[in-house]
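Please read the structure below before turning to the comments.
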Amino acid sequence: MNKDIATPIRTKEILNKYGFSFKKSLGQNFLIDPNILRNIVQHADLTEESGAIEVGPGIGALTEHLARSAKKVVAFEIDQRLLPVLEDTLSPYQNVKIIHSDILKADVRTVLQEELADFKDIMVVANLPYYVTTPILLKLLTENLPIRGFVVMMQKEVADRITARPGTKEYGSLSIAIQYYGFSEIAMIVPKTVFMPQPNVDSAVIKITKHKQPPVQVINEDFFFEITRASFAQRRKTILNNLQSGLTSGKEKKERIIYALESCGIEPSRRGETLSIQEFGKLADALYPHFFNQ
Ligand code: SAM
């Protein structure tokens with residue numbers, strides 16, 4: 001087996017060889033601990049038949065571990081300066097395809113059709129750039145791609161919000177958005193010391209397993225998400241007050257919101273953070289005839 005990229009010595013060697021300087025604006029904190037990488041890959045349950053999608057391979061630390069465990073790795077990297085580095089560090093692996101692109105602008109569906117066409121099992125495994133964690137996850141979840149799930153590193157605070165359950169202070173519209181598409185859990189907490197340079201925040205790896213069917217069937221998904229966002233707009237306000245400010249005006253708005261809430265058995269004085277995804281689903285459908293498209 002080849003020497004790991006992710007040791008402090010080898011990483012420094014590679015960075016010096018290419019005169020590479022980190023760009024904070026691109027969330028470049030590289031992993032320098034092979035044990036963490038092995039753990040991340042284990043959580044993904046890859047087989048020799050699996051495909052892996054990576055966002056931001058950096059100098060290839062995680063990519064090489066994925067290349068050893070999966071049949072093929074497709075990695076999207078925004079920073080052009082890393083392309084020659086990756087060509088060098090990943091030269092022992094024939095099963096890696098690097099795509100030079102901003103993941104948020106990439107046509108991921110077409111890339112998957114071209115690169116992972118016959119793969120029955122595809123996982124997203126990444127140490128995400130923290131400045132765009134949520135947009136990346138939401139893009140890859142909402143585009144209805146043929147993937148089993150995600151094992152991704154992010155800042156711990158975001159991981160706590162994503163995996164939060166009703167009634168906790170971290171629970172919010174992000175928890176519900178992710179819950180709508182999959183089951184999420186924290187796989188491990190990661191200390192700052194395994195990164196170069198060390199980030200200012202704590203990190204965690206989460207695992208999301210996509211649902212075959214969403215846990216609630218709603219009339220209109222966009223409206224459902226709009227209602228959940230509005231319900232958490234000001235956390236100290238009641239759901240009635242938040243909806244009153246969030247929904248576009250109309251005649252007897254307050255009365256119509258109270259009517260919808262009561263028809264779902266939801267006390268208007270409750271706060272958004274106490275509602276389950278099922279309650280939000282019911283509520284969105286009850287509000288829909290009154291408030292959609294006004
Ligand atoms: N995977 C490497 C590791 O674990 O050592 C690097 C992870 S580093 C946290 C994030 C990587 O994402 C960097 O290589 C950065 O250049 C890349 N990146 C940042 N924004 C990106 C974007 N919008 N699309 C694709 N890659 C991006």
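Both counts, for ligands and for their atoms, begin at 1 and track the order of listing. In this text, all values refer to a predicted model and were calculated from it rather than measured experimentally.
Judged by distance alone, with hydrogens and angles left aside, the side-chain atoms of R161 form no donor-acceptor pair with the main-chain N or O of L174 at under 3.5 Å.
In this structure, R109 has no salt bridge (Lys or Arg N to Asp or Glu O under 4.0 Å) partners at least two apart in sequence or on a different chain.
Within the cation-pi definition used here (under 6.0 Å to the ring centroid, within 45° of the axis), R256 qualifies as a partner of F291.
Listed by chain and number, residues touching ligand 1 at under 4.0 Å (heavy atoms only) are L26, G27, Q28, N29, F30, L31, E54, G56, P57, G58, A61, F76, E77, I78, D79, L82, S101, D102, I103, N127, L128, P129, Y131.
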Quiz: residues 119-128 side-chain donor-acceptor pairs under 3.5 angstrom, not counting sequence neighbours:
unit_1: D121; atom_1: OD1; unit_2: R148; atom_2: NE; d: 2.4
unit_1: D121; atom_1: OD1; unit_2: R148; atom_2: NH2; d: 3.4
unit_1: D121; atom_1: OD2; unit_2: S50; atom_2: OG; d: 2.8
unit_1: D121; atom_1: OD2; unit_2: R148; atom_2: NH2; d: 3.1
unit_1: N127; atom_1: ND2; unit_2: N29; atom_2: O; d: 3.2

Table please: side-chain donor-acceptor pairs of residues 183-205 below 3.5 Å, with sequence neighbours left out.
unit_1: K192; atom_1: NZ; unit_2: N200; atom_2: O; d: 3.4
unit_1: S203; atom_1: OG; unit_2: Y130; atom_2: OH; d: 2.7

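Classified by interplanar angle (parallel below 30°, tilted 30° to 60°, perpendicular above 60°), the ring pair F225/Y180 is perpendicular.
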